[in-house]
Amino acid sequence: MIDSKELQKKVRKAVSDKRFEHIIGVKDTAACLAMRYGADFDSAVIAGLLHDYCKPLSDKEMLSQAKRRHLPVSRTEQEHPYLLHGKLAAAYGREKFEIHDEDILGAVTWHTTGKPDMSLLEMILFTADYIEPNRKMIPGMEQIREMAFVDLEETVYMILKNTLRYLEETVDPSGIDQHTYETFDFYNEIHLRKKGD
Ligand code: DGI
Ligand code: FE
Ligand code: FE
């Protein structure tokens, strides 16, 4: 597997200055969360560096790259091809950088929509992507940043609640990925159970 310094150089060449700043923010935030929760540190760093590697691809390129790899493309992904950028980054990680750790690849694959019952590393990347320091301030961000170092499942619930509210205002219902709904339902259950205790 490629080491993180090498991967950082490759990523630097593939994305814009602004995207690179975000990626470094995600890498460092994922590293902090790994320290807090006892996840594998190097895995968090590699996942943070790789997660948006394919974000610069155009819609057309995303679809053709997915097709070439025989990745299943849902109707929602067909209409919003950027939803594929995590899956593609995982595929590139395997092919170009010899990253074969399934937990890292899973975290990268699911970083946009999440999925029910995520691993610790998957929750860490999902959260780091949302709270990293370069993200613009949005309502609820302060509370989410604070919660990230207290209770990761509750944090994932809060992020999905915010994201679904945002998506319901900006895209039509068919544009919301099934995984986004399922992930919300899963973490909402945990949230409600904890509240009932
Ligand atoms: O790649 P980043 O910008 O760092 O972050 P990301 O991969 O989490 O992508 C964020 C965008 O993805 C944000 O505008 C919300 C959007 N998104 C998340 N879930 C869904 C979604 N967009 C659609 N259309 N459907 C979803 O289910
Ligand atoms: Fe992303
Ligand atoms: Fe990102």
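All figures in this text were calculated on a predicted structure; none of them were measured in a lab. We use all heavy atoms of the structure for the numbers below, so side chains are in, but hydrogens, waters and symmetry mates are not. When a ligand or atom number is given, it counts from 1 through the structure's own listing order.
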In Å and rounded to the nearest 0.5 Å, what is the CD to NE2 distance from E102 to H100? 9.5 Å

Please give me the minimum heavy-atom distance between M118 and K115, naming the atom from each residue. CG-O, 3.0 Å

Output, in order, the C-alpha distance, side-chain angles, deciding distance and verdict of side-chain contact (heavy atoms from CB on, under 4.5 Å) for I23 and E132. CA-CA 9 Å; I23 287 169; E132 66 92 5; over 6 Å; no

Could you tell me, for ligand 1, which of its N or O atoms are under 3.5 Å from any protein N or O, listing the pairs and their distances rounded to 0.1 Å?
unit_1	atom_1	unit_2	atom_2	d
ligand 1	1 (O)	D52	OD1	3.1
ligand 1	1 (O)	D52	OD2	3.3
ligand 1	1 (O)	K55	NZ	2.8
ligand 1	1 (O)	H85	NE2	3.2
ligand 1	3 (O)	K55	NZ	3.2
ligand 1	4 (O)	R19	NH1	3.2
ligand 1	4 (O)	H22	NE2	2.9
ligand 1	4 (O)	D52	OD2	3.0
ligand 1	4 (O)	D129	OD1	3.1
ligand 1	4 (O)	R135	NH2	2.8
ligand 1	5 (O)	D129	OD2	3.3
ligand 1	5 (O)	R135	NH2	3.2
ligand 1	7 (O)	H85	NE2	3.1
ligand 1	7 (O)	H111	NE2	3.0
ligand 1	7 (O)	T112	OG1	2.7
ligand 1	8 (O)	D129	OD2	3.2
ligand 1	22 (N)	Y82	OH	2.9
ligand 1	24 (N)	Y82	OH	3.1
ligand 1	24 (N)	G175	O	2.9
ligand 1	25 (N)	G175	O	2.8
ligand 1	27 (O)	D177	N	2.8
ligand 1	27 (O)	T180	OG1	2.6

side-chain hydrogen bond (donor to acceptor under 3.5 Å, both in side chains) contacts in which one or both residues fall within residues 43-52, not counting sequence neighbours: R19-D52, H22-H51, H22-D52, D40-S43, H51-D129, D52-H85, D52-H111

Any salt bridge (Lys or Arg N to Asp or Glu O under 4.0 Å) involving residues 143-160? Give me the pairs, sequence neighbours left out, ordered by first then second residue. D151-K194, E153-K194

Between Q8 and R12, do the side chains contain an N or O donor and an N or O acceptor separated by less than 3.5 Å? no

For Y53 and F97, take the angle between the two ring planes, folded into 0 to 90°, and tell me which bin it lands in: parallel under 30, tilted 30 to 60, perpendicular over 60. perpendicular

Tally of protein N/O/S atoms under 2.8 Å from the Fe ion (ligand 3)? 4

E61 CD to R68 CZ distance, which is reported to the nearest 0.5 Å: 10.0 Å

Is a donor from one side chain sitting under 3.5 angstrom from an acceptor on the other, for D103 and S119? yes

